[in-house]
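Scroll down for the structure; my scribbles are underneath it.
From a predicted model like this one, the values you see are computed outputs, not experimental measurements. Both counts, for ligands and for their atoms, begin at 1 and track the order of listing.
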Amino acid sequence: MANRHEEALRKSLNDPEGFWGEVAEDLIWTKKWDRVLDDTNAPFYRWFTGGECNTCYNALDRHVEEGRGDQAALIYDSPITGKKAKFTYTELRDKVALFAGALRAQGVGKGDRVIIYMPMVPEAAVAMLACARLGAVHSVVFGGFAANELAVRIDDAKPKAIVSASCGIEPGRVIAYKPLLDGAIDLATHKPSACIVLQRDECRAELKAGRDIDWNEAAAAAEPAECVPVAATDPLYILYTSGTTGQPKGVVRDNGGHMVALKWSMKSVYGMDPGDVFWAASDVGWVVGHSYIVYAPLLQGCTTILFEGKPVGTPDAGVFWRIIAEHGVRAMFTAPTAFRAIKRDDPKGEFVGKYDLSKFETLFLAGERTDPDTLHWAEDILKVPVIDHWWQTETGWPIAANCMGLDPYPVKAGSPTKAVPGWDVRVVDENCEEVKRGDIGAIVCKLPLPPGTLPTLWNADQRYMDAYLTEFPGYYKTADAGFMDEDGYLYIMARTDDIINVAGHRLSTGGMEEVLAHHPDVAECAVIGVADQLKGELPVGFLVLKAGVEKPAADIVREVVAMVRDKIGPVAAFKQATVVKRLPKTRSGKILRGTMKKIADNQEYKPPATIDDPDILGEIDEALQGIGYSKARS
Ligand code: COA
Ligand code: AMP
């Protein structure tokens, strides 16, 4: 019998309108589309033009109306606070409708932006869905970003309102969000007219009269709001992600294509049926949280888990297994770094034996490449398929995966398997010619991209073109490099830009360099990502000081570390820098970051023929050994 993955892939590429048009019948539309795929303004392709829908209706109300009202929609499990809560579909719909009413009372309506800066509490999902209900556009900002990053997003999205909480909780410390929020609003040129703040028991925030409103008071005074129909092509959210500069890219997601693709992926990629319990251990601030904590599981009528904790230390390396057992999780999704953290604390996987994991069927990993060691370790201790899959904030759902709802292929360690239906993935050289199987090249996807992917960047059509569509005409540039083997399995090996992946978090080294360059004693700098056993990569800075600086190098390093934490946030995990006399460059002045990375990782390297002065590499090597890298690693 033909493989269902292969068949679906073929159909989706030969007849995208037929394929996605049929899938879309599974959703509820207030007005049916005129065209499934609209190419009238290519390369700005649009899906389901003329159609009208409401994402929140499809995620909540329809399930209540179809008899799923008493099923748990969302389970909040917070080992870090010791709290748990369960919301049925009816309860969640009512909470969302009420909060949508609270937002509407602040003047928020269709098309208005709302920034959500919240920790992992159920209210974060409620706020997202409430925006969707009103046709407002949410933009969630991850709690580990500093005030400055929040300010940049406020100025770009120009929100009418901001929804926040009094604090987030990290192991050993409570992070007051309100001073960060106030600081960001002070820094930003655009001022929101209202801030709705959830007061948490762990730390209460002082509210500013006239601007800030207590979440509970706002909800208590509100009338529930109904779902507002929006155009399928209207934006559902903006999610900012690292670009190659300090200015993040505002990835736009539409309503129609997004709900179609996500619901389809829930069954086809993740194998989940309505009523199943699905858990993505990520954060609502990342795309994984948007797609697979909030929207996809709810669109599919599953129960989703919102986890506020860490894979280790809250309280131990058994917390994932406790949650799987307690809530009957059928599949979970997290980043490989979480498994490396568990392996470090419990190398033999002894905690697994304490829990009943009989309902658990599949582990999905993404955010970074799953290294074969981690893959085999997870397979050994869990005895279930471990599925590496590859995607990006821009795509919103997987580009390559072993599709558990179709006919899965044998797993090959180090590969996220094959292109998912909808995706025409090619590996090309700099002339956009396909390379031989097994050869490394740039990974691109033929246009049009399937539904649910970014139609553009927020208010930045030209940047969208420049960043993704210009270098390889007719293709979307993923900015990942890798190869395809003889069987069509993809291997994602590296980024082709300055993005690094720290604990599954996407960060721009260029953005960090912009911060370092502002130190008054720094003449020139470079940041590279060096290999790290736990987090995958860690940023390391190189500083060339201005002539005549007498301040001790250690003080300057301490200051730049504090600057990055203050300007970008703790999530950057920028803790190491070293002072060098010069940076290695090509004769045309390009800093040789790739060579520096190879030295740091103690890998073989050949100085490029265009290097200006090869002796500098020895100095870099010495500086790296001084902070525990290069030969100091072996
Ligand atoms: N708000 C405020 N600060 C935050 C934060 C948040 N939401 N999330 C992280 N931070 C802080 C951390 O406290 C830490 O601060 P520190 O430098 O004072 O220790 C810093 O940001 C770095 O955080 P993180 O990268 O998460 O490292 P960690 O050492 O705290 O934990 C792991 C390491 C592997 C346990 C953790 O990264 C993890 O659970 N990863 C799971 C993968 C994941 O969620 N990926 C997302 C995409 S799927
Ligand atoms: P983000 O936008 O934060 O999801 O990060 C996307 C980037 O993370 C991709 O472009 C890849 O570089 C990397 N990435 C995500 N998943 C994988 C994976 N399964 N294998 C290799 N790299 C991955």
Quiz item: Out of curiosity, is G143 lining ligand 1, as in a heavy atom under 4.0 Å away?
Solution: yes
Self-check item: Residue-ligand contact V312/ligand 1, heavy atom below 4.0 Å
Solution: no
Nearest protein heavy atom with distance in Å, relative to [atom]:
{"atom": "atom 16 (N) of ligand 2", "value": "G367 N, 3.1 Å"}
{"atom": "atom 12 (C) of ligand 1", "value": "E170 OE1, 3.1 Å"}
{"atom": "atom 42 (C) of ligand 1", "value": "A335 CB, 3.6 Å"}
{"atom": "atom 34 (C) of ligand 1", "value": "T337 OG1, 3.5 Å"}
{"atom": "atom 20 (C) of ligand 1", "value": "P570 O, 3.3 Å"}
{"atom": "atom 6 (C) of ligand 1", "value": "G144 N, 3.5 Å"}
{"atom": "atom 2 (C) of ligand 1", "value": "I175 CD1, 3.2 Å"}
{"atom": "atom 39 (O) of ligand 1", "value": "P311 CD, 3.0 Å"}
{"atom": "atom 6 (C) of ligand 2", "value": "W391 O, 3.6 Å"}
{"atom": "atom 8 (N) of ligand 1", "value": "F142 CZ, 3.4 Å"}

Quiz prompt | Structural part of W286 in contact with ligand 2, heavy atom criterion under 4.0 angstrom | solution = neither
Practice problem: Mind checking whether H505 contacts ligand 2 via backbone (N, CA, C, O), side chain (CB onward), both or neither, at a 4.0 Å heavy-atom cut-off? | Solution: neither
Which of the listed options, [options], holds the heavy atom that is closest to [atom]?
{"atom": "atom 10 (O) of ligand 2", "options": "D388, D480, I399", "value": "D480"}
{"atom": "atom 2 (O) of ligand 2", "options": "V287, T393, T496", "value": "T393"}
{"atom": "atom 7 (C) of ligand 2", "options": "R369, H389, E394, R495", "value": "R495"}
{"atom": "atom 27 (O) of ligand 1", "options": "K535, R340, K310", "value": "K535"}

Location of contacts on [X] toward ligand 1, heavy atoms closer than 4.0 Å:
{"X": "R565", "value": "side chain"}
{"X": "A573", "value": "neither"}
{"X": "F333", "value": "neither"}

Salt bridge flag under 4.0 Å for residues [X] and [Y]:
{"X": "E368", "Y": "R340", "answer": "yes"}
{"X": "E394", "Y": "R506", "answer": "yes"}
{"X": "E486", "Y": "R437", "answer": "no"}
{"X": "R593", "Y": "D498", "answer": "no"}
{"X": "D466", "Y": "R463", "answer": "no"}
{"X": "D497", "Y": "K477", "answer": "no"}

Less than 3.5 Å between some nitrogen or oxygen of [X] and one of ligand 1, yes or no?
{"X": "W286", "answer": "no"}
{"X": "S282", "answer": "no"}
{"X": "R173", "answer": "yes"}

Quiz item: Would Y629 and Q576 count as having a side-chain donor-acceptor pair, cut-off 3.5 Å?
Solution: yes
Quiz item: Distance only, no hydrogens: is a donor on one side chain within 3.5 Å (strictly under) of an acceptor on the other, for R253 and Y237?
Solution: yes
Quiz prompt | atom 32 (C) of ligand 1 protein-contacted, heavy-atom criterion under 4.0 angstrom | solution = no
Practice problem: Can you confirm whether something in the protein, heavy atoms only, sits under 4.0 Å from atom 46 (C) of ligand 1? | Solution: yes
Quiz item: If we only count N/O pairs under 3.5 Å, is R506 in contact with ligand 2?
Solution: yes
Quiz prompt | Polar proximity ligand 2 side, L365 side, N/O cut 3.5 Å exclusive | solution = no
For the pair [X] (side chain) and [Y] (backbone), establish whether a donor and an acceptor sit closer than 3.5 Å, ignoring hydrogens and angles.
{"X": "T370", "Y": "P336", "answer": "no"}
{"X": "D254", "Y": "H258", "answer": "yes"}
{"X": "T362", "Y": "P385", "answer": "no"}
{"X": "D388", "Y": "R369", "answer": "no"}
{"X": "W423", "Y": "K418", "answer": "no"}
{"X": "T304", "Y": "L74", "answer": "no"}
{"X": "K597", "Y": "G529", "answer": "yes"}

Practice problem: List the steps, then state whether ring-ring contact (aromatic ring centres under 6.0 Å, His included) holds for H505 with F145. | Solution: CA-CA 11 Å; H505 307 140; F145 282 124; 8.8 Å; no
Can you list the ligand 2 atoms lying under 4.0 Å from a non-hydrogen atom of [X]?
{"X": "N501", "answer": "8 (O), 13 (C)"}
{"X": "I492", "answer": "21 (C), 22 (N)"}
{"X": "E368", "answer": "14 (N), 15 (C), 16 (N), 17 (C), 18 (C), 19 (N), 20 (N), 21 (C), 22 (N), 23 (C)"}

For ligand 1, which atoms, with element, lie under 4.0 Å from some heavy atom of [X]?
{"X": "V571", "answer": "21 (O)"}
{"X": "A503", "answer": "25 (O), 37 (O), 42 (C), 45 (N)"}
{"X": "K575", "answer": "16 (P), 17 (O), 19 (O)"}
{"X": "G504", "answer": "47 (C)"}
{"X": "V288", "answer": "48 (S)"}

Quiz item: Do F364 and Y292 have ring centroids that are under 6.0 Å from one another?
Solution: no
Exercise. Step through it carefully: locate the ring centre of W279, locate the ring centre of F320, and say whether they are under 6.0 Å apart.
Key: yes
Quiz prompt | pair V386-V411: side-chain heavy atoms closer than 4.5 Å | solution = no
Quiz item: Do the non-hydrogen side-chain atoms of K310 and P171 ever get within less than 4.5 Å of each other?
Solution: yes
